[in-house]
Visitor: 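Just passing along the structure, written as structure tokens.
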Number of protein chains: 2
Amino acid sequence: MANIKDIAKRAGVSVTSVSRVLNNHPYVREDKREAVLQAMEEFNYQRNINAVHLSKGETLLIGVVVPFTNHPYFGLLLEGIANEAMKNNYKLVLFQTNYEEKREIEALKMLQHKQIDSLIICSRICAWEVISQFTEYGPIVLCEDARNQNVSSTFIDHYMTFTNALEYLHNKGHRKIGYCIGRRAGANSRQRGKAYADFVRRIGESNSEDYVFYECLNFEHGEEVVQRLLKMDHPPTALLVTSDFAAAGIVTSCREKGIRIPVDLAIMGFDNQPIAKIMHITTLEIPLVEMGKKLLLQAIDRESNSHQEISVKLIERETV
Amino acid sequence: MANIKDIAKRAGVSVTSVSRVLNNHPYVREDKREAVLQAMEEFNYQRNINAVHLSKGETLLIGVVVPFTNHPYFGLLLEGIANEAMKNNYKLVLFQTNYEEKREIEALKMLQHKQIDSLIICSRICAWEVISQFTEYGPIVLCEDARNQNVSSTFIDHYMTFTNALEYLHNKGHRKIGYCIGRRAGANSRQRGKAYADFVRRIGESNSEDYVFYECLNFEHGEEVVQRLLKMDHPPTALLVTSDFAAAGIVTSCREKGIRIPVDLAIMGFDNQPIAKIMHITTLEIPLVEMGKKLLLQAIDRESNSHQEISVKLIERETV
DNA sequence: TTAATTTATGAAACGCATTTCATAGCAAGA
DNA sequence: TCTTGCTATGAAATGCGTTTCATAAATTAA
């Protein structure tokens with residue numbers, strides 16, 4: 001394969017001039033530029049991207065860390081990120097971690113080694129102390145409130161959101177309210193747990209672990225929730241479900257078991273995924289595609305860190 | 001940042017020896033190896049991956065082209081690919097094309113420019129003539145029958161699968177059978193269309209466009225299908241739906257509208273996604289995760305092209 | 001003991017484009 | 001006419017690790 005040197009020789013100019021042509025630098029006389037372009041055509045020249053990367057120290061690649069690719073929440077977020085990446089001529093390197101810390105560290109190391117320019121972490125596992133060791137190597141963007149960290153972030157206030165949702169259910173007359181959530185750990189889960197604890201204390205109920213359902217990520221997990229509900233002596237009369245797909249699973253399972261919604265059980269989903277609309281699930285709209293877009297824009301901003309709070313909107317339908 | 005030269009100087013050896021240590025080459029005396037390792041520690045040495053890439057001409061990056069990331073079919077396929085990539089120390093570069101040809105070409109160009117070592121195209125748009133121009137630059141792997149092309153492929157025989165499914169419905173007494181599919185174009189869709197055409201001819205029915213539903217990709221599209229069914233004078237009594245999520249949407253919508261399943265309408269899904277199990281949908285199991293794994297293994301095999309046919313399995317449940 | 005291997009080591013070439021720096025030519029302003 | 005200030009151009013340095021090749025030293029085989 002021809003390289004820049006061959007082109008230079010053929011066109012009768014220096015490699016510098018060829019490089020200028022490649023990078024649209026103005027200081028090249030028109031006839032020389034023509035000669036270079038023609039030589040490139042003739043040799044079917046392809047510039048070696050890895051040499052460019054080495055030379056420039058950047059790759060136009062942005063890493064994206066997600067626990068699972070096959071999950072509607074991350075799917076939509078990823079879609080937003082991917083669309084914006086496209087527009088800005090960046091490509092994405094996908095890291096599926098399955099929530100293994102070492103996978104996240106691998107991604108951070110790729111940032112350190114300049115194989116990617118920035119890193120978007122959609123769901124964090126590593127401790128802040130670990131993350132902060134890598135901030136010097138390039139922008140790191142989080143999808144959680146990270147205002148007191150040396151990174152950028154786009155997030156929603158889960159404490160407030162959860163509190164509002166609980167109040168809404170409370171106003172509808174519910175006193176025994178439970179919630180379904182993805183993983184036990186994680187900053188967002190902690191915020192929600194705190195909101196829940198504060199809420200039940202405020203209304204004078206007890207904070208029972210029975211009313212919390214973990215690992216509630218997807219449609220198929222809805223069935224397990226309903227199985228557990230059926231075994232309870234005093235089941236909750238309302239559930240906050242942090243995924244529309246899980247909510248849809250619960251609704252479907254309830255129908256099968258004869259649990260009437262919202263009479264016997266009120267369900268409030270999260271995200272406002274298309275499935276929520278079809279199944280008439282009351283939900284909190286989280287603009288995931290828009291969040292993805294913002295995450296990417298923060299990732300390509302090498303100048304400064306920023307923090308954006310995204311607000312959610314209640315979509316009232318028929319399950320509450 | 002320290003480079004290999006600094007380490008060499010500090011350890012009192014040549015850069016060659018440092019490189020040997022980095023690459024676990026045996027010909028380095030133990031004491032020198034120690035010295036090098038210590039120097040690296042001391043300087044907190046990080047090897048510049050881009051220099052490695054330039055030098056070696058490979059990146060350990062594999063491109064994956066999908067039309068949408070936010071789709072359960074590709075989500076699962078991607079999961080299989082991602083898991084296997086992890087095991088083999090490869091990373092993935094994601095190309096979301098939204099079925100725009102130029103996006104696919106961008107991916108092919110990254111292969112040409114050696115920014116990725118191989119390319120997996122999960123759903124092709126480009127013509128074979130275009131693809132074949134890039135085969136010289138690295139392995140290209142397709143997710144469709146490409147046995148007569150200069151690429152590798154992992155595929156299922158859609159003609160046979162569709163025929164078998166139609167026969168199955170026929171044996172259950174159905175004569176008016178329709179089908180729902182994603183996009184109109186595409187090699188797989190054509191195979192299915194052909195299978196359908198041949199089948200209806202064989203059983204002496206007419207091949208009506210009315211019985212074909214396009215753009216049937218996701219849960220939310222099920223509702224549209226049911227809307228259309230309700231308006232038909234002679235609706236099909238059975239539907240082959242090439243996505244479990246779409247099938248689930250149809251089932252859900254039918255319940256709402258009072259269409260009894262399978263009495264009024266039989267539904268057969270595709271993929272055997274978890275949602276099919278929960279909703280007791282009869283479906284054809286396509287081992288997507290396994291397919292993803294095979295795709296990746298073919299992608300990292302630089303030696304030779306191969307073709308693997310994957311067989312599907314009928315999972316009988318309650319919607320037929 | 002000699003010949004043939006194997007082990008160990010480093011200089012230099014290689015992969016390739018970008019960028020800095022020095023220089024020359026030319027035009028506009030003083 | 002003499003400065004300034006651009007425009008244009010190329011040599012050389014830079015980014016950095018891998019690999020080839022030549023050579024020396026240490027073993028093993030004959």
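Not measured: the values here are computed from a predicted model. A note on names: the letters A, B, ... follow the listed sequences, proteins ahead of strands, and every chain is numbered from 1.
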Visitor: Might you point out which heavy atoms bring A:Pro287 and A:Ile310 nearest each other, and give the distance in Å?
Guide: CG-CG2, 3.4 Å
Visitor: Can you tell me the distance, in whole Å, between the CZ atom of A:Arg47 and the P atom of C:dC16?
Guide: 14 Å
Visitor: Take a 6.0 Å sphere around CD of A:Glu30 and say whether it holds more than 12 heavy atoms from other residues, nucleotides or ligands.
Guide: yes
Visitor: Between C:dA17 atom P and A:Ile49 atom CD1, what is the distance in whole Å?
Guide: 10 Å
Visitor: Would you check, one step at a time, whether the test salt bridge (Lys or Arg N to Asp or Glu O under 4.0 Å) holds for B:Glu42 with B:Arg10?
Guide: CA-CA 10 Å; B:Glu42 198 176 323; B:Arg10 175 69 182 181; 2.6 Å; yes
Visitor: Side chains of A:Cys126 and A:Ile105: closer than 4.5 Å at any heavy-atom pair?
Guide: yes
Visitor: List in chain and number order the residues that pass salt bridge (charged side-chain N to carboxylate O under 4.0 Å, His left out) with B:Asp6, two or more places apart in sequence or in another chain; answer none if no residue qualifies.
Guide: none
Visitor: Compare every heavy atom of B:Tyr27 with every heavy atom of B:Arg20, then report the nearest pair and how far apart it is.
Guide: CD-O, 3.7 Å
Visitor: For A:Val18, report the nucleic acid contact type (base, sugar-phosphate, nothing); a contact means any heavy atom under 4.0 Å.
Guide: nothing
Visitor: What is the distance, to the nearest angstrom, from the CG atom on B:Asn50 to the P atom on C:dG15?
Guide: 18 Å
Visitor: Among residues 29-36 of chain B, which contact DNA chain C at a heavy-atom distance under 4.0 Å?
Guide: B:Arg29, B:Lys32
Visitor: Would you be so kind as to tabulate the donor-acceptor pairs closer than 3.5 Å made by side chains of residues 85-92 of chain A, with sequence neighbours excluded?
Guide:
unit_1: A:Lys87; atom_1: NZ; unit_2: A:Glu84; atom_2: OE1; d: 3.4
unit_1: A:Asn88; atom_1: ND2; unit_2: A:Glu84; atom_2: O; d: 2.8
unit_1: A:Asn88; atom_1: ND2; unit_2: A:Glu84; atom_2: OE2; d: 3.2
unit_1: A:Lys91; atom_1: NZ; unit_2: B:Glu106; atom_2: OE1; d: 3.4

Visitor: Rounded to whole Å, please give me the gap between NE2 in B:His113 and C1' in C:dC16.
Guide: 13 Å
Visitor: Please check if the number of heavy atoms outside B:Gln38 that lie under 6.0 Å from its CD is greater than 12.
Guide: no
Visitor: Decide yes or no for B:Glu100 and B:Arg103: does some side-chain heavy atom of the first lie under 4.5 Å from some side-chain heavy atom of the second?
Guide: yes
Visitor: Could you tell me which non-hydrogen atom of A:Cys143 sits nearest to which non-hydrogen atom of A:Tyr73, and how far apart they are?
Guide: SG-OH, 4.4 Å
Visitor: Please compare B:Pro26 and B:Val52 by the position of their nearest nucleotide in DNA chain C and report the one closer to 5'.
Guide: B:Pro26
Visitor: Under a criterion of less than 4.0 angstrom to any heavy atom of chain A, what are the 5'-terminal and 3'-terminal contacting nucleotides of DNA chain D?
Guide: D:dT7 to D:dC16
Visitor: Scan residues 5-17 of chain B against DNA chain C and write down, sorted by residue number, each residue with any heavy atom closer than 4.0 Å; if none is found, say none.
Guide: B:Val13, B:Ser14, B:Thr16, B:Ser17
Visitor: Could you tell me how far apart A:Leu54 (CG) and C:dT19 (C1') are, to the nearest whole angstrom?
Guide: 13 Å
Visitor: Between A:Asn48 (CG) and C:dG15 (P), how many Å, whole number?
Guide: 11 Å
Visitor: Please check if the side chain of B:His53 supplies one atom and the backbone of B:Glu58 the other of a donor-acceptor pair under 3.5 Å.
Guide: yes
Visitor: Rounded to whole angstrom units, what separation is found between the NZ atom of B:Lys56 and the P atom of C:dC16?
Guide: 17 Å
Visitor: Roughly how bent is the helix from C:dT1-D:dA30 to C:dA30-D:dT1 end to end, in steps of 10 degrees, with each end axis from five pairs?
Guide: 30°
Visitor: Taking the side chain as C-beta and beyond, is there a heavy-atom pair between B:Asn83 and A:Asn98 under 4.5 Å?
Guide: yes
Visitor: Compare all side-chain heavy atoms of B:Val93 with those of B:Phe95 and state whether any distance is below 4.5 angstrom.
Guide: yes
